[in-house]
Amino acid sequence: MTAHRIAALLTAALLTAALLTAGVPASADTGGTRLADVRVLAHFDRAAGQAAESIAPEPGGGAVIGMIPARQVVRVAPDGVVRVLVTMPLPPDGGGTTPVVGTPVVTGVARSDRGDVYFLYSAGQGGLTGIWQVRAGTPRLVVPLPADTMPNALVIDGDRFLITDSAGGRIWQAPLHGGAASVWSADPALAPDGFFGVNGLKVHDGAVWASNSDRGTIVRIPLTGGAAEVRATGLAGIDDFDFTGRGDEILAAINQDSKLVRVGADGSRETVLDAGDGMQGTTAVVVRGSRVYVTNGANLVGDDSNLLVARLRR
């Protein structure tokens, strides 16, 4: 399936999500976090499939980025220089059995405290779907996942991985040292409604928080287990998100509308970056101290896949 076909599928699904969540008012809270000194750190080759999807910041101001559908993981240096760390092979059948999108994709990335780089590869049949590690330029499968999963976000939580499955509406867990994965939660709030269900993932304040692209929601599930609690709605086309450091305040990447939205602890919403700031198919956001990283995949509009950085003003 071509990149154009993926974009068409994403557009249709995200428009459905928009209809499902339309009419929810945004009660703007003007006293929240702001961004300053917004700039593009790196531009990527969108024509070659480098649609920036995920972010793992590195010491010194650089970052590791997952690329769909180039099937790549790249490193962006603090000065913006881009280097490809790995390009994943196609599965034997070409990847047409990859759930939802029909083409193999690299999605979530994560970096351990000791500097190990991990990433997710979804490739359908062929035994390639799972968590991979980049080591000296060679990928190594550390946690296999079922071929019918669409692993999307990857988080390291202590001695384990947590992985969202956008096709199955599940959150998986697996040991950090590698091995078998198991389902941590299959709460109905994680399920898709026609396309992508659970997408972004963070661990915060004793709970796992997850976004649902189809439903335009962010939910909270206690680390001890239990039912999901919906904490934000009206976020049609939400992809990734992160916390600003002000309690439960969130910055959310809205892929469909190419914007970054501040979500207050009370669920209020306010756009803080939009197309005028360089947003084009916004896919991910990560906060590290006072520094904010934002990726744009240009998968729905435009052709400028990029990594933005900004300064957080609380």
Side-chain angles (χ1 to χ4, degrees), residues 1-15 17 40-56 63-76 80 82-90 94-96 98-110 117 119-124 129 132 134 150-154 164 166-167 195-196 199-200 211 213 237-241 252-260 273 275 277-286 293-309:
M1 184 178 293
T2 66
H4 294 298
R5 177 60 176 155
I6 294 172
L9 285 171
L10 283 170
T11 301
L14 292 176
L15 285 175
V40 176
L41 180 61
H43 296 276
F44 306 115
D45 188 353
R46 185 64 184 87
Q50 288 188 335
E53 158 66 15
S54 52
I55 310 164
V64 172
I65 309 292
M67 294 289 179
I68 57 171
R71 312 186 314 278
Q72 291 178 340
V73 178
V74 308
R75 171 168 281 137
V76 179
V82 179
R83 179 169 68 91
V84 175
L85 296 182
V86 65
T87 300
M88 290 299 289
L90 287 168
T98 304
V100 187
V101 295
T103 192
V105 289
V106 166
T107 50
V109 292
V117 174
F119 65 95
L120 295 171
Y121 187 39
S122 181
T129 296
W132 292 73
V134 180
M150 176 67 190
N152 203 327
L154 178 64
T164 59
S166 295
F195 193 69
F196 267 26
N199 194 327
S211 59
S213 296
I238 184 174
D239 199 317
D240 188 33
F241 65 95
I254 310 299
N255 196 320
Q256 173 187 327
D257 292 335
S258 299
K259 62 186 181 182
L260 191 70
L273 295 178
D277 302 293
M279 302 288 100
Q280 289 189 5
T282 311
T283 50
V285 55
V286 174
Y293 300 80
V294 182
T295 46
N296 291 279
N299 53 343
L300 299 180
V301 296
D303 58 4
D304 184 16
S305 177
N306 61 50
L307 172 63
L308 292 177
V309 292

Measuring from [X]:[atom1] to [Y]:[atom2], what's the distance to the nearest 0.5 Å?
| X | Y | atom1 | atom2 | answer |
| --- | --- | --- | --- | --- |
| Asn152 | Glu53 | CG | CD | 5.5 Å |
| Leu308 | Leu273 | CG | CG | 7.0 Å |
| Thr295 | Met279 | OG1 | CE | 9.0 Å |
| Ile68 | Leu120 | CD1 | CG | 12.0 Å |
| Ile65 | Leu41 | CD1 | CG | 8.5 Å |
| Lys259 | Asn296 | NZ | CG | 14.0 Å |

(message) Let's go through Met88 and Gln72 carefully: what are the C-alpha distance in whole Å and the side-chain angles of both, what is the deciding distance for side chain to side chain contact (heavy atoms under 4.5 Å, CB included) to 0.1 Å, and is it a yes or a no?
(response) CA-CA 6 Å; Met88 290 299 289; Gln72 291 178 340; over 6 Å; no

Do the side chains of [Y] and [X] get nearer than 4.5 Å, heavy atoms only?
| X | Y | answer |
| --- | --- | --- |
| Leu300 | Asn255 | yes |
| Met67 | Val74 | yes |
| Val86 | Phe119 | yes |

Got a donor-acceptor contact below 3.5 angstrom from the [X] side chain to the [Y] backbone?
| X | Y | answer |
| --- | --- | --- |
| Ser122 | Pro104 | no |
| Gln280 | Asp303 | yes |
| Asp240 | Val285 | yes |
| Tyr121 | Thr107 | no |
| Arg46 | Gly297 | yes |
| Ser213 | Phe196 | no |
| Ser305 | Phe44 | no |

(request) Determine the minimum heavy-atom distance between Thr129 and Gly124, stating which atoms define it. (result) OG1-N, 3.4 Å

(request) Indicate the atoms forming the closest heavy-atom contact of Ser211 with Phe241, along with that distance. (result) N-CE2, 3.5 Å

(request) With sequence neighbours excluded, tell me which residues meet side-chain contact (heavy atoms from CB on, under 4.5 Å) with Ala56. (result) Val64, Val109, Arg111

(request) Using the test side-chain contact (heavy atoms from CB on, under 4.5 Å), find all partners of Ala110 that sit at least two apart in sequence or belong to another chain. (result) Leu154, Ile156

(message) Walk me through whether Gln50 and Val84 qualify under side chain to side chain contact (heavy atoms under 4.5 Å, CB included).
(response) CA-CA 10 Å; Gln50 288 188 335; Val84 175; 4.2 Å; yes

(message) Does either side chain, that of Thr282 or that of Ser258, offer a donor lying less than 3.5 Å from an acceptor on the other one?
(response) no

(message) I'd like to know whether Leu90 forms a side chain to side chain contact (heavy atoms under 4.5 Å, CB included) with Arg71, so could you lay out the CA-CA distance, the side-chain angles of the two residues, the decisive distance to 0.1 Å, and finally the verdict.
(response) CA-CA 9 Å; Leu90 287 168; Arg71 312 186 314 278; 3.8 Å; yes

(request) Could you go through the side-chain hydrogen bond (donor to acceptor under 3.5 Å, both in side chains) check for Asp239 and Thr283 one step at a time? (result) CA-CA 6 Å; Asp239 199 317; Thr283 50; 5.3 Å; no

(request) Show your reasoning for whether side chain to side chain contact (heavy atoms under 4.5 Å, CB included) applies to Met150 and Thr164. (result) CA-CA 8 Å; Met150 176 67 190; Thr164 59; over 6 Å; no

